[in-house]
Trainee: 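Here it is: the structure, laid out below.
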Amino acid sequence: MSSILAIIICLLALFTQSQSLSSPTVCIIGSGIAGSSLAHFLRSYSPPNSPPSAARILLFERNGIVGGRMATVTISGETFEAGASILHPMNYHASNFTKLLNLKRRIPPTSMSSFSLGIWNGNKFVFKTLTFEFKNPFVQKIVSFANSLYMLLRYGFSLFKMNSFVEVTVNKFLKYYQSFETRPTFETVDEMLQWAGLYNLTTCTLQEELVNVALSPLLIQELVTVITRINYGQSVYISGLAGAVSLAGSGGGLWSIEGGNWQMASGLINRSDIELHLHEEILSIFNLGESYELNSTKGRSYMCEVTAIATPLDELNIQFTPPISIPERQLQHTHATFVRGLLNPGYFGLQTVSEIPELVGTIEDPDLPFSSISILKRHNETDMTYKVFSRKAMPDSLLDNIFSVRKETIRIDWGAYPHYKAPEVFAPFILDGQHLYYVNAFENAASTMETSAVAAENVARLILSRLFGEVSLSTSYFMSSFSDDELLHAEL
Ligand SMILES: Cc1cc2nc3c(=O)[nH]c(=O)nc-3n(C[C@H](O)[C@H](O)[C@H](O)COP(=O)(O)OP(=O)(O)OC[C@H]3O[C@@H](n4cnc5c(N)ncnc54)[C@H](O)[C@@H]3O)c2cc1C
């Protein structure tokens, strides 16, 4: 009798386990592009014989809004991107989300190719492109052509070498858009980078990589430095891969989403049948064997068969039991200061505001108090909205020197991206050998909206394949996502 009871209990346990595995609860921590796209890919990729909506997905966000580092700021009633602002023309996941969610593309006015640029060394502009305020598109084209020639005169053919370095890297990155038949699922970031031929770029600094391809020291000290300072708040001693991504973010064809990039996260969350828990921070994660217990600031507990962390862990205090071990990593803080007012030409040794370039970049010098100043909007000749990036907070006394008029100032201190340090050491995607995942392990390769989506896509496949065994996931979503033109590029 007792043996029959034992068999029934075993069968019941097996039934419950297979039930929970076929319709597991997946808990995602973080509602930025990583968390929202992970939810989206989990819903889009269904394992065979299982409907896509089988999993229950819970998404936790400590803030009252979704989007994370995709956020806007409103200054004097106008809204601008406060964090992640630009997308590359070959950011195919972002492009696909935009189409899927019926969002509108916008060409930001701050792309380097369309702006007058000045490189400031603290005393003078060491390089300045032509500033021409006539907004006739034909005249603008001529000015842009003249500026290209002007750049060529200063930096020579090194400019082409720089572009080719970026192009080679971008083409390798495009491998992550290949179909499932030719693209494996990766358990580690190292493996994922090695497969695309990108790993070696994380073992050297950008400076070393660029010297290897014979870039002139002047170009590295000036233009390249300006770009890495704007995009990652760091010098050319960041890793080669982060550097190449940063350089790619200064080319042509850049875009953003009308009304704010955060709408990608909100749109993906809305269409993915998710239980969204806003204002709920996860404080601790206990591995109970078959599931994880998550405890939140609201005093609630959640049981999840799968837990995915979609936020950098570096400045968080989530308590893990048993403890997890990941390489120590610092975040680079970028202070974004938004000012409605007018720059002071005297600060730059100039007579008039119109002589100040629309984008002021800086070289590497510890005494320089800012990395860049750019015009976000020209309301009229004496009233503009600016964005200042700096490594330290900008005190009022300093801003009063740089600006002659300051109607409104908003400051944001971002724990912005990893402090890149070659050779990079990567945390694993699977933190405990079971079902605890870390999407932002990939951020040590490069930090962008697209790289977060690429990492999330891989983690979604990893979760499904590890839950349901070695299954070939439906590729219908992936294959139909990109237009023929895009796939053609991806195969290049
Ligand atoms: C100033 C700045 C400029 C940038 N510019 C660009 C750019 O132009 N182009 C580009 O592609 N990228 C840019 N980036 C980088 C880009 O923003 C990031 O790589 C990307 O947005 C990261 O998304 P994520 O979802 O991985 O992380 P995040 O967006 O940081 O999302 C993580 C979320 O998790 C939440 N969270 C954290 N801990 C908990 C917890 N315990 N419980 C619940 N919720 C939690 C956070 O509140 C956050 O909402 C920029 C970043 C900054 C800061």
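One-based numbering along the sequence shown. What you see is a predicted model; the values in this text were computed from it and never measured. Order of appearance sets the numbers: ligands from 1, and atoms from 1 within every ligand.
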Trainee: Can you name the nearest heavy-atom pair linking P369 to S390, along with the distance?
Mentor: O-CB, 3.5 Å
Trainee: If we set the cut-off at 4.0 Å for heavy atoms, which region of A336 has an atom near ligand 1: side chain, backbone, both, or neither?
Mentor: neither
Trainee: Below a 4.0 angstrom heavy-atom separation, can you tell me which part of N231, side chain or backbone, both or neither, approaches ligand 1?
Mentor: neither
Trainee: Would you say G35 has any N or O atom under 3.5 Å from an N or O of ligand 1, going by distance alone?
Mentor: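 For ligand 1, there is no N or O atom that lies under 3.5 Å from one belonging to G35.
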Trainee: So, are E364 and R391 salt-bridged, with charged N and O less than 4.0 Å apart?
Mentor: yes
Trainee: Look at atom 37 (C) of ligand 1 and find which of I33, L294, T311 reaches it with the closest heavy atom.
Mentor: T311
Trainee: Let me know which of E275, E293, E280 forms a side chain to side chain donor-acceptor pair (under 3.5 Å) with Y302.
Mentor: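 Going through E275, E293, E280 one by one, the side chain to side chain donor-acceptor pair (under 3.5 Å) with Y302 is satisfied by E280 alone.
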Trainee: Of the listed options (H333, H335, E443, R69), which comes nearest to atom 22 (C) of ligand 1 when hydrogens are ignored and any heavy atom counts?
Mentor: R69
Trainee: Among all protein heavy atoms, pick the one closest to atom 44 (N) of ligand 1 and tell me residue, atom and distance.
Mentor: R62 N, 3.1 Å
Trainee: Counting only heavy atoms, which portion of I29 has something under 4.0 Å from ligand 1: side chain, backbone, both, or neither?
Mentor: side chain
Trainee: Parallel, tilted or perpendicular, judged at 30° and 60°: which one describes the rings of H93 and F97?
Mentor: parallel
Trainee: If the cut-off is 4.0 Å to any non-hydrogen atom of I86, which atoms of ligand 1 fall inside it?
Mentor: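 Near I86, meaning under 4.0 Å from one of its heavy atoms, ligand 1 has 7 (C), 8 (O), 9 (N), 10 (C), 11 (O).
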Trainee: Mark up the atoms of ligand 1 that fall under 4.0 Å of a heavy atom belonging to G68, in ascending order.
Mentor: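 So the atoms of ligand 1 that pass are 29 (O), 31 (O), 48 (C), 49 (O).
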Trainee: Just let me know how S452 lines up against ligand 1, side chain, backbone, both or neither, with a heavy-atom cut-off below 4.0 Å.
Mentor: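 The answer is the side chain of S452.
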Trainee: What are the atoms of ligand 1, with element, lying closer than 4.0 Å to any heavy atom of A416?
Mentor: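 Answer for ligand 1: 53 (C).
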Trainee: What do you reckon, does G67 put a non-hydrogen atom under 4.0 Å from ligand 1?
Mentor: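 Yes, G67 has a heavy atom closer than 4.0 Å to ligand 1.
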Trainee: If the plane angle is over 60° it's perpendicular, under 30° parallel, otherwise tilted; pick one for Y199 and F426.
Mentor: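 Tilted: the ring planes of Y199 and F426 meet at 30° to 60°.
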Trainee: Does ligand 1 have an atom that lies less than 4.0 angstrom from a heavy atom of E280?
Mentor: yes
Trainee: Show the nearest heavy-atom pair for residues R43 and D273, with the distance to one decimal.
Mentor: NH2-O, 2.8 Å
Trainee: Please write down residue, atom name and distance for the protein heavy atom closest to atom 47 (O) of ligand 1.
Mentor: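 Closest protein heavy atom to atom 47 (O) of ligand 1: E61 OE2, 2.7 Å.
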Trainee: How does L87 reach ligand 1, if at all, at less than 4.0 Å between non-hydrogen atoms: by side chain, backbone, both, or neither?
Mentor: neither
Trainee: Are S85 and ligand 1 in contact, using a heavy-atom cut-off of under 4.0 Å?
Mentor: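 Yes, S85 has heavy atoms under 4.0 Å from ligand 1.
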Trainee: For ligand 1, is there an N or O atom under 3.5 Å from any N or O atom of P312?
Mentor: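 Min N/O separation from ligand 1 is not below 3.5 Å for P312.
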Trainee: Ligand 1 versus V66, non-hydrogen atoms closer than 4.0 Å: side chain, backbone, both, neither?
Mentor: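 Under 4.0 Å from ligand 1, V66 contributes no heavy atoms.
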